Amino acid sequence: LANCHMAVGKLYVGLKNKEQALSSLSIALEMKLKYSPDNIEHLIDLYVEIGVIYIESNYQLAVENLEKALSYDVDNPFVLFTIYRSLGDVYNGNMEYNLALSYYMKAINYTFGNKELLIDLYTKMGIIYKSLLEVFTCETDFEQYSTNAINCFQKIKWHKEAGHRL
């Protein structure tokens, strides 16, 4: 039954019906925790799905669920990428830029040279550094943020033009 709720929840995610997705995924998570807590892969998947849904509406619940997923021994590189990018998105949306940058950097380690994923992450990082330039507090900050922003945008250009891996 938990697998059915999980599948229905994922269908609702695809249909962009967040309320129904959260309902089904939460029921599935509760059942998995109670009846099959050793199925780590499903628990991680559910925490990630729920965390990603909460990114736009509840930063605290997004972080809580994504960190619960990380508390398990995650060995799937795509899942790690999703968790780190999602945590970066949460902190970026909450204007906690240093944490966002930290998680985006971790996510880069799991892109395996995927051009689109790298461009997405470097774009987000470049925009953060550009935002930090607007509020820099000393000359050192200005130099660091401007250099980092330029580096991110150069990497985007390089990936778009050449399609090479880092």
Side-chain angles (χ1 to χ4, degrees), residues 3 6-7 9-16 18 21-22 24-26 28-29 32-33 36-132 144-145 147-166:
N3 290 340
M6 196 168 160
K10 288 183 177 209
L11 286 172
Y12 280 123
V13 168
L15 294 171
K16 310 275 190 241
K18 293 178 183 182
L22 278 173
S24 293
L25 293 171
S26 296
L29 179 59
K32 291 284 184 181
L33 286 168
S36 57
D38 294 335
N39 192 336
I40 304 302
E41 187 176 309
H42 281 178
L43 292 174
I44 292 168
D45 187 32
L46 286 163
Y47 281 123
V48 171
E49 288 281 353
I50 292 169
V52 169
I53 291 170
Y54 276 125
I55 286 175
E56 295 177 9
S57 62
N58 189 322
Y59 293 124
Q60 186 175 350
L61 287 175
V63 169
E64 182 181 308
N65 281 281
L66 293 166
E67 285 183 350
K68 281 182 183 176
L70 272 179
S71 72
Y72 293 95
D73 189 20
V74 180
D75 60 359
N76 182 322
F78 180 74
V79 172
L80 284 168
F81 168 79
T82 302
I83 293 170
Y84 291 140
R85 182 184 61 188
S86 298
L87 283 166
D89 290 346
V90 169
Y91 289 119
N92 190 8
N94 208 30
M95 295 188 307
E96 295 179 58
Y97 295 132
N98 289 329
L99 282 170
L101 289 166
S102 170
Y103 281 108
Y104 288 148
M105 290 300 296
K106 288 179 181 183
I108 285 172
N109 293 323
Y110 297 97
T111 60
F112 299 103
N114 181 299
K115 178 177 150 179
E116 289 78 21
L117 297 178
L118 287 166
I119 289 171
D120 175 61
L121 290 169
Y122 284 122
T123 300
K124 290 175 181 185
M125 292 169 63
I127 291 169
I128 289 173
Y129 286 122
K130 184 180 175 293
S131 297
L132 289 171
Q144 177 188 355
Y145 298 149
T147 300
N148 290 342
I150 290 167
N151 287 340
C152 286
F153 293 125
Q154 285 175 336
K155 288 178 181 179
I156 293 166
K157 180 180 176 191
W158 184 75
H159 282 289
K160 283 185 175 181
E161 290 175 354
H164 294 284
R165 294 176 183 228
L166 286 179

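What you are looking at is a predicted structure, and each value in this text was computed from that prediction instead of being measured.
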Evaluate the side-chain contact (heavy atoms from CB on, under 4.5 Å) criterion for residues Leu66 and Tyr84: first the C-alpha distance (whole Å), next the side-chain angles of each, then the deciding distance (0.1 Å), finally the verdict. CA-CA 9 Å; Leu66 293 166; Tyr84 291 140; over 6 Å; no
Does any N or O in the side chain of Ser102 come within less than 3.5 Å of the main-chain N or O of Asn98, such that one atom is a donor and the other an acceptor? no
Are more than 12 heavy atoms from other residues, nucleotides or ligands located less than 6.0 Å from atom CD of Glu67?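 Yes - once you tally the heavy atoms of other residues, nucleotides and ligands closer than 6.0 Å, there are more than 12.
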Inspect the surroundings of CD in Glu41 and state if more than 12 heavy atoms from other residues, nucleotides or ligands are less than 6.0 Å away. no
Quick one: [atom1] on [X] to [atom2] on [Y], what's the gap to the nearest 0.5 Å?
X: Leu101; Y: Asn92; atom1: CG; atom2: CG; answer: 8.0 Å
X: Ile44; Y: Lys32; atom1: CD1; atom2: NZ; answer: 12.5 Å
X: Thr82; Y: Leu117; atom1: OG1; atom2: CG; answer: 8.5 Å
X: Tyr110; Y: Leu80; atom1: OH; atom2: CG; answer: 5.0 Å
X: Phe112; Y: Phe78; atom1: CZ; atom2: CZ; answer: 11.5 Å
X: Asn58; Y: Leu22; atom1: CG; atom2: CG; answer: 10.0 Å

So which heavy atom on [X] is nearest to which on [Y], and how close?
X: Pro77; Y: Asp75; result: CD-O, 3.3 Å
X: Ile83; Y: Ala69; result: CD1-CB, 3.8 Å
X: Tyr47; Y: Lys68; result: CE2-CD, 3.4 Å
X: Gly9; Y: Ala21; result: O-CB, 3.6 Å
X: Val90; Y: Ala62; result: CG2-CB, 3.7 Å
X: Gly88; Y: Tyr103; result: N-CB, 3.6 Å

Using the side-chain contact (heavy atoms from CB on, under 4.5 Å) rule, take Leu70 and Leu87 through it: C-alpha gap first, then chi angles, then the decisive distance, then the call. CA-CA 11 Å; Leu70 272 179; Leu87 283 166; 3.9 Å; yes
Less than 4.5 Å apart, side chain to side chain, heavy atoms only: is that true for [X] and [Y]?
X: Phe81; Y: Leu121; result: yes
X: Val13; Y: Ile53; result: yes
X: Ser86; Y: Ile55; result: yes
X: Ile150; Y: Tyr129; result: no
X: Ile50; Y: Tyr54; result: yes
X: Glu116; Y: Thr111; result: no

Begin from the C-alpha positions of Met6 and Glu49 and carry the test side-chain contact (heavy atoms from CB on, under 4.5 Å) through to its verdict. CA-CA 10 Å; Met6 196 168 160; Glu49 288 281 353; over 6 Å; no
Could you check Leu25 against Asn65 for side-chain contact (heavy atoms from CB on, under 4.5 Å), going step by step and ending with a plain yes or no? CA-CA 12 Å; Leu25 293 171; Asn65 281 281; over 6 Å; no
Under the side chain to side chain contact (heavy atoms under 4.5 Å, CB included) rule, collect the residues that match up with Ile127, sequence neighbours excluded.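 Ile127: side chain to side chain contact (heavy atoms under 4.5 Å, CB included) contacts with Thr123, Ser131.
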